[in-house]
Amino acid sequence: MENFVQLIYFVTAFLFILGLKRMSSPNTARSGVVWAGVAMVAATLVTFLVPGLHNQGLMILAVIIGTVVAWIAAKRVQMTDMPQMVAIYNGMGGGAAGAIAAVELLRGEFGEAQGLKLLAILGALIGSVSFTGSLIAFAKLQGLMSSRPIQFPAQKLVNAAVGVGALLLALLVLFTQSGPLILVFFLLALGFGVLMTLPIGGGDMPVVISLYNAFTGLAVGFEGFAIGNAALIVAGTVVGAAGTLLTLLMAKAMNRSLWSVLMGGFGVEQDSGEVKGSLKPIDLEDAAVMLAYASRVIFVPGYGMAVAQAQHKLRELADVLESKGIEVKFAIHPVAGRMPGHMNVLLAEAGVAYEKLYDLEDINPEFPQADVAVVIGANDVVNPAARRKGSPLYGMPILEVDKAKNAIVIKRGQGKGFAGVENELFYADNTRMLYGDAQQVLGHLVQSLKKL
Amino acid sequence: MDSTWAALYIFLLAAFTGYEVISRVPVILHTPLMSGSNFIHGIVVVGAMVVLGHAETPLEQAIGFFGVVLGAANAAGGYAVTERMLEMFERKPKGGQ
């Protein structure tokens, strides 16, 4: 029986790696997750056959509760809310790794095997940080708390103290066997996850979530060592390494270093320089006329579109324009929205054909020929300030909307973007501001255009 | 000691595997891949089940139970989220981005 269980774990590890490989290419991605899913179910079922286990009733109950709740929540949530769902499920994985370590440490399972105990403690530390850190990330993205960086006096000092305290307690736990010490260790580790995430702004969350994903992978791998389970070691380590790389790739795509992300405080109080000009509003009818007499239109969707659920109305508007013989393209910034690929997924959901979505490098040369560029709820990714040295945005690749003949910016209000920098595009002579909820504004534009 | 070393080699090879599998992915797949790898570390549920299976005192049972619930949620939720994201890539008429 033991060999059968190990065989299934072995196949599971193989299918996980294969699944991940297939997920890294658009054409095979869907089958990749299905294969990994089959492996997951098989591994879970076969675990009931591990010799010498009791509490089977509790096991079944716990698996059912976790599965059903998470499954329903994941199926019901809007596509726009996917990033925070990734965060919370990832955090739960970290919590589970912490729980494994907690039980093993309380039971004194390791005896003289200090190496294994060290790995269990490290896994507990990383997993606990990932657990509470991901919960904060979830709360920030879900709007349960402000997504602005949260700062307080001597924050770095407090964070460092708690972090060092957790490490010290980890050492104490390693060399002693004491329930209260284990409890304090976990409290400090959990607290550090919260403190570490508070000062990080919503704009940097994708990188942070990806980092915590790597953390959880690593924690799972370490706990795999501690309890001698090869499936956990392989899957956890693969995800730990893959997640680390993915985190670095994401940080690079946003032109941020991982270090500056973790130090936080991005976009709190920054001098953005003087902005010349004024905001020039436009009303719906005029905007509709402007679009109707254009021959090339480029749409630039951003997070505001996602929040307003306006992707369907945007597709309708594009359809109406095309029916009038106007060429329509969509410019997708690599980090538009809250995660790389976020806009592609939303627009695909609304039925926009992939050929109409253009990457930054492909669309930027086309802005000077565009009669109208319509910005829907995007801000920092179209801010020309990114070209100027000294701006907090300096160096970030932007969509060159300011080079279009005209720009219409659809926006809820006069607020700044996540970076907290005034957007010079909004003040430009050929830019008109169209205030309102993106979904309603686009809906009205469709109506007006149909009448023209 | 032998098994410890074997485990370290597994660690090394698995880390390289993870790195190689992910390198050179298009940006649009970053989010689905993060979600997919998030699902895969849901295998932690298996470890939590084994630990719960060995738990004796009520405290150990409670923590183990909590761990299994969290692990199962990681696996199930991670799968559902990833699948929904990747569904979007299915209707594509042709390959590439």
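On a predicted model such as this, the values are computed, not experimentally measured, just so you know. Values reported hereafter were calculated over all heavy atoms of this structure, with side chains retained and with hydrogens, waters and symmetry mates removed. Note on naming: letters A, B, ... go to the chains in the order of the sequence lines (proteins, then strands), and numbering restarts at 1 for each one.
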Go through the atoms of B:V50 and report whether side chain, backbone, both or neither lie under 4.5 Å from a heavy atom of chain A. both
Only pairs of heavy atoms separated by less than 4.5 Å count here; which of B:L59, B:V81, B:I10 has the most with chain A? B:V81
What option among B:N38, B:V44, B:N74, B:I22 has the most heavy-atom pairs under 4.5 Å with chain A? B:N38
Just how far is it from atom CD1 of A:I182 to atom CG of A:L105, taken to the nearest 0.5 Å? 5.0 Å
Could you have a look at A:Q56, A:E104, A:M40, A:M85 and say which one has the most heavy-atom pairs with chain B under 4.5 angstrom? A:M40
Which atoms of A:A97 come close to chain B, meaning under 4.5 Å heavy atom to heavy atom: side chain ones, backbone ones, both, or neither? both
Heavy-atom contact with chain A under 4.5 Å, split by part of B:T57: neither
A:K21: which residues meet the salt bridge (Lys or Arg N to Asp or Glu O under 4.0 Å) condition with it, sequence neighbours left out? none
Heavy-atom pairs under 4.5 Å with chain A: which of B:G53, B:A76, B:G78 has the most? B:G53
A:Y9 portion near chain B, given a 4.5 angstrom heavy-atom threshold: side chain
Check against ring-ring contact (aromatic ring centres under 6.0 Å, His included), A:Y212 and A:F131: CA-CA 8 Å; A:Y212 287 147; A:F131 181 42; over 10 Å; no
Is it the case that B:S35 and A:Y89 place a side-chain donor and acceptor less than 3.5 Å from each other? no
Between the CD1 atom in A:I332 and the CG atom in A:L357, the distance rounded to the nearest 0.5 Å is 5.0 Å
Assert top hit (heavy-atom pairs under 4.5 Å, partner chain B, pool A:A13, A:A230, A:G217) equals A:G217
Contact part of A:L20 toward chain B, heavy-atom cut-off under 4.5 Å: side chain, backbone, both or neither? both
List the residues meeting side chain to side chain donor-acceptor pair (under 3.5 Å) with B:Q61, not counting sequence neighbours, and say none if there are none. A:N55
Closest-packed option against chain B by number of heavy-atom pairs under 4.5 Å, given A:L58, A:I65, A:V50: A:L58
Where on A:Y358 is there a heavy atom nearer than 4.5 Å to chain B: the side chain, the backbone, both, or neither? neither
Nearest-0.5 Å distance that lies between atom CE in A:M82 and atom CZ in B:R84: 3.5 Å
List the atom of A:L245, the atom of B:Y19, and the distance in Å for their closest heavy-atom pair. CD2-O, 3.4 Å
Between A:V46 and chain B, which part of the residue has a heavy atom less than 4.5 Å away: side chain, backbone, both or neither? neither
Count the heavy-atom pairs under 4.5 Å between each of B:A48, B:G71, B:G47, B:G42 and chain A, then report the option with the highest count. B:G47
In A:T247, A:N90, A:I209, the residue satisfying side chain to side chain contact (heavy atoms under 4.5 Å, CB included) with B:M34 is A:I209
Is chain A contacted by the side chain of B:L13, its backbone, both, or neither, given a heavy-atom distance below 4.5 Å? neither
Answer with side chain, backbone, both or neither: which region of A:V68 has an atom nearer than 4.5 Å to a non-hydrogen atom of chain B? neither
Top of A:V69, A:I233, A:L61 for chain B proximity - count of heavy-atom pairs under 4.5 angstrom: A:L61
Please state whether the rings of A:W71 and B:Y79 are parallel, tilted or perpendicular, taking 30° and 60° as the class boundaries. parallel
Among A:G19, A:A36, A:G95, A:G236, which residue forms the greatest number of heavy-atom pairs with chain B at distances under 4.5 Å? A:A36
Which heavy atom in B:A72 sits nearest to a heavy atom in A:A62, and how many Å separate them? CB-O, 4.3 Å
With no hydrogens and no angle check, is any side-chain donor or acceptor of A:R22 less than 3.5 Å from a backbone partner on A:R30? no
I need the A:N229 CG to A:I100 CD1 distance, nearest 0.5 Å. 8.5 Å
So for A:M23, is it side chain, backbone, both, or neither that comes closer than 4.5 Å to the heavy atoms of chain B? both
Report which part of A:V234 has an atom under 4.5 Å of a heavy atom belonging to chain B: side chain, backbone, both, or neither. both
Do you know which of B:A80, B:S37, B:G67 has the most heavy-atom pairs under 4.5 Å to chain A? B:S37
Candidate pair A:D359 and A:H333, rule side chain to side chain donor-acceptor pair (under 3.5 Å), full reasoning: CA-CA 6 Å; A:D359 285 343; A:H333 191 276; over 6 Å; no
Winner by heavy-atom pair count (cut-off under 4.5 Å) against chain B, out of A:A219, A:S210, A:A214: A:S210
Below 4.5 Å from any heavy atom of chain B, which atoms of A:F16 appear? Answer side chain, backbone, both or neither. both
